[in-house]
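What follows is one structure encoded as structure tokens, with my remarks underneath.
Remember, it's 1-based here, ligands and their atoms both numbered in the order they're listed.
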Amino acid sequence: MKGIFITFEGPDGSGKTTQIRLLEQHCKEKGYDVVLTREPGGTPISEAIRSLLLDPSHKEMDGVTEALLYAASRAQHVAEKIKPALAKGCIVLCDRFMDSSIAYQGYARGLGDDVRVINEFAVQGTQPDITFFMDLSAAAGKARVAAARDMDRLEQEDLSFHNAVYEGYLQLKEIYSQRYVCIDASRSIEQIAEEIRDRFDNYVLCRNEQE
Ligand SMILES: Nc1ncnc2c1ncn2[C@@H]1O[C@H](COP(=O)(O)OP(=O)(O)OP(=O)(O)O)[C@@H](O)[C@H]1O
Ligand SMILES: [Mg+2]
């Protein structure tokens, strides 16, 4: 009995948190054991690292430091929470995972493939079964976030940075095409939620047939 590991990825403001909560609700209605978690964070140690990373006053943070802190936070999260939950057969829904590091630090910060390498080390083989990619332009995402709340250190980066993040995701979608499910995130919340539920139900059905 192995659980299902589902990650949500996409630019800032593309609707990841909105949709992951709706999928969690759907899973609960179906009676599944579901664990909703987020990155960076998810455990006390990982959340402490998150505060360091996102603090808007930490303007001097070096890009390599940033990448290593994300990977360190993720290592703890996988070991303490994600891996044990999957071993118990839970459905784990994670708001951002290692693809965020590759898109933000690897592509947009220009740190390159080293970011993938340190993250492979951090996750020790725990990879998502499905990644819902919320496909929305950086400008549209930024407009949604700016309207809704104060922005953290990464969100305050300029639009060219966020465009590079988006381009990074488009590459990841090709590289990891087996697990990527591309969702047109410019539609209404309910339209998107319905497609995600359908894709999820279909995945569970196929997996049960294979077992
Ligand atoms: N399909 C949608 N259409 C319009 N607005 C939306 C849609 N989905 C989410 N929003 C709104 O856009 C804002 C950002 O959504 P949300 O927080 O879910 O995005 P996110 O991808 O989690 O962002 P972040 O990367 O910053 O965590 C929120 O105010 C949310 O209510
Ligand atoms: Mg969010």
Review point. Ignoring waters, how many protein N/O/S atoms are under 2.8 Å from the Mg ion (ligand 2)?
Key: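 There are 1 of them.
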
Mark the output for [X] as yes if a heavy-atom distance to ligand 1 is under 4.0 Å, and as no if none is.
X: Met134; answer: no
X: Ser188; answer: yes
X: Gln191; answer: no

Could [X] and [Y] be called an ion pair, given the rule that one side-chain N must be under 4.0 Å from one carboxylate O?
X: Arg38; Y: Glu47; result: yes
X: Glu190; Y: Arg197; result: yes
X: Asp158; Y: Lys142; result: no

Check your understanding: How long is the gap from CD on Gln178 to OG1 on Thr131, to the nearest 0.5 Å?
Key ->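 Separation between the atoms: 11.5 Å.
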
Review point. Can you tell me how far SG of Cys94 sits from CD1 of Ile82, rounded to the nearest 0.5 angstrom?
Key: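 Between Ile82 CD1 and Cys94 SG, I get 4.5 Å after rounding to 0.5 Å.
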
Review point. Is any N or O atom of Val145, backbone or side chain, closer than 3.5 Å to an N or O atom of ligand 1?
Key: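 Between Val145 and ligand 1, no N or O pair is found under 3.5 Å apart.
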
Review point. So is there a nitrogen or oxygen of Asp95 less than 3.5 Å from a nitrogen or oxygen in ligand 1?
Key: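 No, no N or O pair falls under 3.5 Å.
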
Answer yes or no: is there a side-chain heavy-atom contact under 4.5 Å between [X] and [Y]?
X: Phe133; Y: Val181; result: no
X: Ile196; Y: Phe8; result: yes
X: Val123; Y: Phe97; result: yes
X: Asn208; Y: Val204; result: yes

Exercise for review: If a pair satisfies salt bridge (charged side-chain N to carboxylate O under 4.0 Å, His left out) and one of its residues is in residues 85-98, list it, with sequence neighbours excluded.
Suggested key: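 Qualifying pairs: Asp12-Arg96.
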
**Study point:** salt bridge (charged side-chain N to carboxylate O under 4.0 Å, His left out) partners of residues 66-76, not counting sequence neighbours, each pair once
**Key:**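 Only Glu39-Arg74, Glu66-Arg109, Glu66-Arg153 qualify under salt bridge (charged side-chain N to carboxylate O under 4.0 Å, His left out).
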
Check your understanding: Taking only residues two or more places apart in sequence or in another chain, which ones pass salt bridge (charged side-chain N to carboxylate O under 4.0 Å, His left out) with Arg116?
Key ->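 By the salt bridge (charged side-chain N to carboxylate O under 4.0 Å, His left out) rule, Arg116 matches Asp113, Glu120.
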
Nearest-contact summary for [atom] - protein heavy atom, Å:
atom: atom 19 (O) of ligand 1; answer: Gly15 N, 3.1 Å
atom: atom 22 (O) of ligand 1; answer: Thr17 OG1, 2.7 Å
atom: atom 5 (N) of ligand 1; answer: Arg144 NE, 3.6 Å
atom: atom 26 (O) of ligand 1; answer: Glu155 OE2, 2.9 Å
atom: atom 23 (O) of ligand 1; answer: Gly13 N, 2.9 Å
atom: atom 29 (O) of ligand 1; answer: Ala148 CB, 3.4 Å
atom: atom 1 (N) of ligand 1; answer: Arg187 O, 2.8 Å
atom: atom 17 (O) of ligand 1; answer: Arg149 NH2, 3.3 Å

Review point. Going by the angle between their ring planes, with limits at 30° and 60°, are Tyr169 and Tyr104 parallel, tilted or perpendicular?
Key: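 Plane angle over 60°, so perpendicular.
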
Check your understanding: Is it true that the side chains of Tyr70 and Asn119 contain a donor and an acceptor less than 3.5 Å apart?
Key ->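 Distance-only check fails for Tyr70 and Asn119.
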
Mark up the atoms of ligand 1 that fall under 4.0 Å of a heavy atom belonging to [X], in ascending order.
X: Thr18; value: 9 (C), 15 (O), 16 (P), 18 (O), 30 (C)
X: Arg96; value: 25 (O)
X: Ile189; value: 1 (N), 2 (C), 7 (C), 8 (N)

Exercise for review: Using a 4.0 Å heavy-atom threshold (strictly under), name the region of Ile192 that reaches ligand 1: side chain, backbone, both or neither.
Suggested key: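 Side chain only; the backbone of Ile192 stays clear of ligand 1.
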
